[in-house]
2 protein chains.
Amino acid sequence: MRADAKKNYELLLGIAREVVAEHGADASLRDIARRAEVGLGTLYRHFPTRDALFEALLRGGFDALGKEAVALATAESAADALVAWLRQIVAMAHAWRGVIAVMVAAIDAPDSALHASCVAMKAAGTRLLVRAQAEGTARSDIDGADLFALVGAMAWLGDQPALAPRADHLFSVIAGALLTSTSAT
Amino acid sequence: MRADAKKNYELLLGIAREVVAEHGADASLRDIARRAEVGLGTLYRHFPTRDALFEALLRGGFDALGKEAVALATAESAADALVAWLRQIVAMAHAWRGVIAVMVAAIDAPDSALHASCVAMKAAGTRLLVRAQAEGTARSDIDGADLFALVGAMAWLGDQPALAPRADHLFSVIAGALLTSTSAT
DNA sequence: ACCTGAACACCGTTCAAGT
DNA sequence: ACCTGAACACCGTTCAAGT
């Protein structure tokens, strides 16, 4: 990548971070280009699609969550590990208002720039779930797809201003429902 | 209301029903007016806001759910009544893709045309919940606001094509989490 | 190689002008 | 009273023209 291109790329990413923090996942791409004082075509050249932009914005978070899942895979309590990881992925989605809907759509769209990351997150969650199930502390009538869907639902709750105050409490309720009663958290 | 106005009102409502069924809650109002072969201003005259249009579209459903809640208030099992009603309100939201987010926003917006109906739905759910709690079959650390939020989350799940196949199963999981273990459904 | 911004096809919302 | 549609201020996306 040419030096000036690289500069624009980084600049756009920084401004996008700000604008998305302000306006959520459906922020205006035009606005981002405008604030970055860059042609609209430049934004499209670097991020040909909205998903591509989010992939770049979230890459760091995805990496961290992936590593965290690996670390938690050997934790003493598989149930606690699962819940701790769920809490983190919900928090990340919550940090990017509205992005959860984009992620959920991407999991069914192989061509989305977010597809691989979302599949990886789903797989990581599945591994933690399966381990807790093997341990006997997570209910067995749930699979990775269910878990991914519940993460979506919990993140969505946090995205709605009217519901956000309940999000933490409802996280406990839902997380509790995933665990078998002997190890309720 | 003048006869021609009334005709336009009904016409718009019918077309809106179709268009919203096709495109969900963020359907184009312009498109509705166009398909109804009516000036865009006419649509705005009858439905000054998107919420006003949805209020008109959903009024029948809200009425039915309200009556159903009254009927269920004397059902033998308060727990079953609660779950049955939850299933119905989630189904109604599901029938109008995307409308749940509008409803959730309206509950915090006293000026929304949907506000009263949403408050009524929340209150109806709360009554069924309280009765089940009194009966000892619903957990006591949940209130009406939590219930409304969970309805939102469950309806949202059904709205996402990638998650919809899991919506029924997850409804059971979440509904089960609301009940005390002695009466798991 | 990369950047720019006009062009196109859409929105939601308002409001002067018509009947 | 009611209807119409142009006008305005926005979008996302593409692409010819520039450097």
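Residue numbers begin at 1 in each chain, while the letters A, B, ... track the order of the sequences. Just so we're clear, the structure is a prediction, and the values are computed from it rather than from any experiment.
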Mate of D/dT19 where both pairing distances stay under 3.5 Å, Watson-Crick or G-U
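Paired with C/dA1.
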Could you tell me the Watson-Crick or G-U partner of C/dC8, where both distances fall under 3.5 Å? Say none if there is no partner.
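Partner of C/dC8: D/dG12.
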Closest-nucleotide 5' rank along DNA chain D - winner of B/Y9 and A/P48:
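Residue closer to the 5' terminus by nearest nucleotide: B/Y9.
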Specify the separation, in whole Å, of atom [atom1] of [X] and atom [atom2] of [N].
X	N	atom1	atom2	value
A/L43	D/dC11	CG	C1'	14 Å
A/D4	D/dT19	CG	C1'	10 Å
A/R35	D/dC11	CZ	P	11 Å
A/I32	D/dT13	CD1	P	12 Å
A/R30	D/dA9	CZ	P	14 Å
B/R2	C/dT19	CZ	P	14 Å
B/F47	C/dG12	CZ	C1'	17 Å

If only side-chain N and O atoms of A/N8 are considered, is one of them under 4.0 Å from the OP1 or OP2 phosphate oxygen of C/dC3?
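Result: yes.
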Any A/L82 side-chain heavy atom under 4.5 Å of A/L147 side chain
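With C-beta onward as the side chain, the pair touches.
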Hey, mind stepping through A/T42 and A/N8 against side-chain hydrogen bond (donor to acceptor under 3.5 Å, both in side chains) and telling me if it holds?
CA-CA 8 Å; A/T42 304; A/N8 276 333; 5.1 Å; no
Which listed nucleotide (D/dG12, C/dG12, D/dC3) is nearest to the side chain of B/R50?
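Of D/dG12, C/dG12, D/dC3, C/dG12 is nearest to the side chain of B/R50.
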Which nucleotide, D/dG12, D/dC2, D/dC11, lies nearest any side-chain atom of A/R34?
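Within the option list, the nearest is D/dC11.
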For A/G41 and A/R45, find the nucleotide of DNA chain C closest to each by heavy atoms; which residue's nucleotide sits nearer the 5' end?
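Its nearest nucleotide being more 5', the pick is A/R45.
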Any donor and acceptor pair, going by atom type alone, linking the side chain of A/R45 with main-chain N or O of A/L40 inside 3.5 Å?
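Checking the backbone N and O of A/L40 against the side chain of A/R45, no donor-acceptor pair under 3.5 Å is found.
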By the 4.0 Å heavy-atom rule, please label [X] as base, sugar-phosphate, or nothing.
X	answer
B/A27	sugar-phosphate
A/L40	base
A/S28	sugar-phosphate

Between A/F47 and A/Y9, does the ring centre distance come in under 6.0 Å?
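Yes, ring centres under 6.0 Å apart.
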Under-4.0 Å salt bridge between B/E22 and B/R35:
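Counted as a salt bridge, because a side-chain N and a carboxylate O are separated by less than 4.0 Å.
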